[in-house]
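Numbers restart at 1 for each chain; the letters A, B, ... are given by sequence-line order, proteins then strands. Small disclaimer: the values here were computed from a predicted structure and weren't measured.
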Amino acid sequence: MKKRQFIIIFLVLLSLGFLLSMSIGPIKVSIKDIYNSIFNFTGTKAENAIITVRLPRFLLSIVVGVSLAVAGSIMQGLTHNPLASPQLIGANSGAALFVVLSMYLFGGNGSLSITLVGFLGALLGGVIVYALCGRDFSPIRLSLAGFSVHLLLSSITQGIIIINSRVKDNIIFWLVGSLDKAKLDGMVYNYIFLFIVIIICLVGGKKLDILSLGDEVALSLGENTKFIKIVYMLMALLLTGFSVSLSGPVGFVGLVVPNIVKMLLGDKMKEVIIYSALGGALLLIYSDIVSRLISYPFETPVGIATALVGAPYFLWLCKRGDRSEA
Amino acid sequence: MKKITSVIVAATVMAVSLLGAGCAAEKKVDSAKKEEVRVVKHAGGETEIKGIPKRIVVLEIALADALAALDVKAVGIADDSDPKLVIDEIKNKVGDYTSVGSRYEVNLEKVSSLKPDLILADQNKQNAVLGELKKIAPTVTVDSFNGGYKESLDAVKIIANAVGKSDKVEGILKNHNESILKYKEQIPKDEKRTILPAVVTKSGFHAHADHSYVGSFLNELGLKDPLKAKDAYNKLSIEKVAEINPDVMYLMVSEEDTIIKEWKDNPLWKGLKAVKDNKVFYVSRPKWAVSRGLISSEGIAKDIIETLYKK
């Protein structure tokens with residue numbers, strides 16, 4: 001597939017996703033309401049629903065989708081392993097554990113501090129898996145180490161929830177990944193943060209390609225491989241912690257999107273990062289739409305919709321991986 | 001040595017049984033009642049219960065309300081380790097009890113350590129452990145969590161049979177119906193306003209549908225719950241609340257920090273009829289949503305009259 005085709009399809013799907021995302025919900029909304037809410041706001045019920053509920057959700061789903069997809073593409077690039085993703089590297093569950101723990105201990109809601117807490121948790125999960133793997137990021141080793149750590153961290157999270165029944169009620173919905181707390185206030189900071197991190201990642205995109213030639217070649221080309229690896233891993237974990245603090249641990253996005261992008265457009269890292277960001281945004285936008293329809297007019301967590309798409313793909317990927325190794 | 005011991009044991013047993021026989025001869029009527037075997041029909045089938053249970057463990061707070069209405073004490077209640085969930089009116093009747101943990105994850109060891117002779121459970125909530133419970137003591141179940149107001153009255157009858165108070169239950173229900181009727185008479189016949197009850201927590205707005213306990217009780221009083229849904233309890237988005245746009249809202253709370261803090265500045269919330277008319281009332285979640293019985297429903301009716309019909 002050509003890149004131009006990809007961009008055109010992306011723009012078409014993005015516009016369609018925007019229209020669907022604005023129109024689907026309990027309050028009936030016309031195209032005119034959508035237009036008015038943005039350009040000619042008069043304060044009707046429909047316009048308020050768009051501005052205060054649906055638009056923030058749409059914008060947040062883009063932030064979460066982009067963060068997870070970019071994090072996944074970097075993790076896969078660093079480990080040369082198509083299974084690497086925020087979920088499998090223990091980052092999702094680590095971030096979730098820390099966020100739940102901080103809610104339990106402090107009941108806190110401050111957005112910046114929660115992002116930091118999420119990042120530290122993602123870091124913890126990532127470091128444990130990294131330590132367990134040593135230098136060997138083969139699919140089997142990473143899957144086993146990552147999944148064990150994921151289970152361990154999740155079980156601690158569940159332990160906290162079971163001990164404290166008051167926390168339980170507040171967190172279960174969030175733990176599957178949910179966008180229903182989206183607010184327009186502060187949204188612009190999310191975008192600024194995301195933009196900066198992605199620029200940093202793109203600046204060194206070439207270095208990731210050199211790394212993919214193998215450590216020895218990279219070293220002989222004069223690259224400080226350790227430094228590059230650490231910086232990129234930190235960026236990926238930062239993005240994961242950021243997205244978890246916003247919406248809870250949404251699964252499968254970081255796994256599925258970079259793999260599809262690589263299949264369609266090749267594996268130059270800079271491009272994989274850019275197109276994964278676009279694909280991640282689309283996946284979350286449409287997952288959010290599906291999640292609203294599953295038990296309409298009541299809410300279903302968006303993580304259920306991404307799992308519906310992601311889990312079959314993951315199995316297919318495992319099966320395909322088997323064949324290529326045999 | 002062993003022989004001597006067994007002789008002593010045999011002698012003791014005989015002595016005790018003779019003594020018992022003597023007592024029985026004296027209080028024939030009482031013992032006849034004790035030996036009586038009742039077959040109790042309930043949500044989980046039929047259970048035989050001998051005599052009058054004295055050590056009752058209750059695994060759903062709504063069933064503690066029924067016990068309290070029958071003026072029977074409980075030795076254990078699953079109160080989620082939060083004594084505030086059991087309202088004072090019930091606490092005063094059931095007496096000092098031991099908490100047996102969460103209603104969702106009953107502490108079986110604690111239940112069995114209380115040596116109950118009757119367990120009252122919710123057919124759905126404790127479905128997974130019913131087999132274990134039956135091994136500890138005869139277990140009578142009621143579908144309370146999903147049931148409406150009518151089902152809660154039926155539950156009182158079932159529990160009355162289980163605790164041997166079937167002769168008293170009709171009188172108790174008659175008194176209850178009379179006091180509900182008194183409240184009902186204070187509500188105008190042409191009341192058209194829609195009333196949405198919802199539990200609000202930090203995580204969300206959980207509205208109770210028209211067939212839920214509170215919804216069906218409102219209906220009994222001649223009031224209307226506008227939410228129609230398959231499930232009794234439904235998490236609503238602010239948009240859905242705005243679409244329903246109820247005239248009155250009763251928000252059942254057990255903590256101060258709720259989602260309303262986030263919603264109250266939203267124009268959709270400010271535009272609600274109930275908010276504009278100042279008809280949003282905060283009420284006790286233990287009383288309105290948790291207890292679901294005779295005692296608490298009289299409390300709910302009183303709250304409604306005081307908030308909507310008294311100046």
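Annotation for Phe145(B): atom CZ counts as buried by contact number, over 12 foreign heavy atoms lying within 6.0 Å. In this structure, Phe195(A) places its CZ atom where only 12 or fewer heavy-atom neighbours from other residues, nucleotides or ligands lie under 6.0 Å away. Sparse packing is recorded around NZ of Lys183(A), with 12 or fewer heavy atoms of other residues, nucleotides or ligands lying under 6.0 Å away. Other residues, nucleotides and ligands contribute over 12 non-hydrogen atoms within 6.0 Å of the CG atom of Asp265(B).
Residues passing the side-chain hydrogen bond (donor to acceptor under 3.5 Å, both in side chains) test with His150(A), sequence neighbours excluded: Ser93(A). Contacts of Phe298(A) classified as ring-ring contact (aromatic ring centres under 6.0 Å, His included), with partners at least two apart in sequence or in another chain: none.
When heavy atoms are compared at a cutoff of 4.5 Å, Asn245(B) approaches chain A solely by way of its side chain, counted from C-beta outward. Contact of Ile259(B) with chain A is made through the side chain alone, with heavy-atom distances under 4.5 Å.
Of all residues in residues 15-28 of chain A, those placing a non-hydrogen atom less than 4.5 angstrom from a non-hydrogen atom of chain B are Gly25(A), Pro26(A), Ile27(A). The stretch residues 30-57 of chain A places Lys45(A), Asn48(A), Ala49(A), Thr52(A), Val53(A), Arg54(A) near chain B, each with some heavy atom under 4.5 Å from a heavy atom of that chain.
No other option in Asn266(B), Ile238(B), Asp82(B) has as many heavy-atom pairs under 4.5 Å with chain A as Asn266(B).
With rounding to the nearest 0.5 Å, the separation of NZ in Lys235(B) from OG in Ser295(A) is 11.5 Å.
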